Amino acid sequence: MVEREPPVVRDRGAAGVGARWFGVVRGFVVRRPRWVDGALAAGVGLLNADRALAGAGAAGVAFYVAVHLLLVWRRAAPVLVCWAVLGLAVLGLVVVGVRVEGLHPEAVIAIGVYTVARHAALRRLVPVVVVVGSLALTASFSAGPRWTAVGFVTFGLTAVVLLGLVVRTRRAYLAELEDRARRLERDRDQRAEIAVAAERARIARDMHDIVAHHLSVMVTLADAATLTAASSPGEAVTAMQHVAGTGRQALGEMRRVLGLLHEDTRAAVSAGAGGAGDVAASPQPGLADLDALIAGVRAAGLHVEVTTEGVPGRLGPGVELAVYRIVQEALTNVLKHAGASSRSGVRVRYTGDRVELEVTDDGTSAPQGGGQAGGRGMTGMAARAAAYGGRFAAGPRTDAPGWSVRATLHGDPASDAPASSGPASGTTSGAAVRGGRGGGA
């Protein structure tokens with residue numbers, strides 16, 4: 001037994017075919033409006049020809065054809081065609097004997113009035129309605145009051161005008177919707193491009209901070225290991241161990257940044273990178289990671305004194321990452337330009353949802369100012385501070401030789417994530433370590 005197709009499926013197929021045919025017809029109407037108007041004129045003319053032209057001569061036929069032929073250009077010149085149709089229809093009735101039969105001349109006049117209401121300016125519609133209404137009422141009262149005819153004329157004229165205005169309003173509304181959709185699509189594409197550019201800039205800043213900082217520490221440790229390899233092999237081995245640890249930390253942070261671009265590859269990275277996979281899956285660094293950052297810089301031989309004031313409020317992970325990157329970049333610049341033999345100070349002050357940073361160095365092994373001005377690192381630090389409504393300044397110190405980097409950032413009040421706990425107020429000092437001696441990475 002052959003199973004019948006379910007009615008729902010059959011209905012959907014019929015609806016799909018109907019929709020396709022409707023789309024084809026609508027597309028043809030939009031592309032060939034004059035052909036459609038020609039078919040309309042021919043249909044209306046043939047519908048009334050047998051009765052309207054009964055007994056009419058050649059002149060009557062010519063007037064009749066001319067009245068309907070004008071409808072082909074009704075969209076190109078709606079007002080002119082309407083007045084011409086009205087004039088020729090009246091002349092045909094009065095002069096050459098075209099009869100008022102069937103829908104002639106009401107049909108052609110109604111099409112003319114509709115076209116004016118649909119396509120012409122509204123100020124052109126009023127005189128057309130007044131003249132057509134006056135002629136119709138005059139014809140209705142010419143052989144005595146015929147209220148049925150008056151009602152029919154009034155209703156028909158009102159319906160035609162309202163139909164034209166409704167279609168006009170609907171077309172204008174649809175055109176506005178289409179224009180709005182195009183604008184929204186264009187704005188969406190522009191916002192997407194801006195977001196992509198901003199994300200690329202942020203990733204470029206992160207990659208710069210990661211690579212510049214860790215390479216500076218690694219180069220400093222490698223130089224120290226080279227200098228102490230002959231006299232103190234143990235210290236050289238310790239320095240190279242710090243180099244390896246710093247390199248692994250750099251790889252982990254790079255995987256973490258790149259993982260933001262490829263969320264779907266995190267599992268593969270974790271599976272194929274061994275212990276580093278756990279680092280790649282960990283969150284971005286924040287305030288809690290500042291101690292490890294300072295320890296790594298101290299291991300490279302830089303004397304760093306850290307001062308913390310206040311307790312961090314609700315800063316949000318974005319602000320914490322910005323604070324971490326600014327301190328990281330500032331200490332990297334100290335290593336690169338002032339040298340590991342210099343002394344640096346890191347001061348972090350929390351006031352409610354605001355963070356104030358200051359990183360200084362004495363620049364004893366470099367010209368005053370440390371040569372830190374300009375460059376991509378400074379631009380990145382300024383951008384991070386500005387992203388959170390803060391300020392950034394860098395330049396030579398006024399109280400002593402050296403360089404100073406200052407930044408102020410404001411926390412995100414809308415963030416529900418608690419800030420990482422920072423150390424209590426106080427001062428800690430790292431001993432000056434040469435060649436990777438002392439602190440751990």
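Starting from 1, each residue takes its place in the sequence as its number. Values in this document were obtained by computation on a predicted structure and should not be read as measured data.
Not counting sequence neighbours, the partners of V160 by the side chain to side chain contact (heavy atoms under 4.5 Å, CB included) test are A110, V113, Y114. In this view, D187 satisfies the side-chain hydrogen bond (donor to acceptor under 3.5 Å, both in side chains) rule with no residue, not counting sequence neighbours. Among residues two or more places apart in sequence or in another chain, the side-chain hydrogen bond (donor to acceptor under 3.5 Å, both in side chains) test is passed with R406 by S404. Residues meeting the side-chain hydrogen bond (donor to acceptor under 3.5 Å, both in side chains) test with D189, sequence neighbours left out: none. Here S344 pairs with nothing under the side-chain hydrogen bond (donor to acceptor under 3.5 Å, both in side chains) rule; sequence neighbours left out. Considering only residues two or more places apart in sequence or on other chains, A121 meets the side chain to side chain contact (heavy atoms under 4.5 Å, CB included) condition with R123, R124.
Surrounding CZ of R180 are at most 12 heavy atoms belonging to other residues, nucleotides or ligands under 6.0 Å away.
Between A76 and R34, the closest heavy-atom pair is CB-NH2, 3.8 Å. Heavy-atom minimum distance, G310 versus Y350: O-CD1, 3.7 Å. In terms of heavy-atom proximity, V319 sits nearest to L409 at CG1-CB, 4.3 Å. Across L302 and S342, no two heavy atoms sit closer than the pair CD1-O, 3.3 Å. Contact detail for P127 and W83: the closest heavy-atom pair is O-CH2, 3.8 Å. Between A394 and M378, the closest heavy-atom pair is CB-SD, 3.8 Å.
Counting heavy atoms from C-beta on, the side chains of L290 and L287 come closer than 4.5 Å.
Not one N or O on the side chain of R354 forms a donor-acceptor pair closer than 3.5 Å with the backbone of G390. Put simply, the side chain of R298 gets close to the backbone of V304: a donor and an acceptor are under 3.5 Å apart.
Atom-to-atom distance recorded for R168:CZ and L122:CG is 4.5 Å, nearest 0.5 angstrom. The line from CE of M381 to CD of E329 is 5.0 Å long, rounded to the nearest 0.5 Å.
Salt bridge present: D179 and R182 bring a charged side-chain N and a carboxylate O closer than 4.0 Å.
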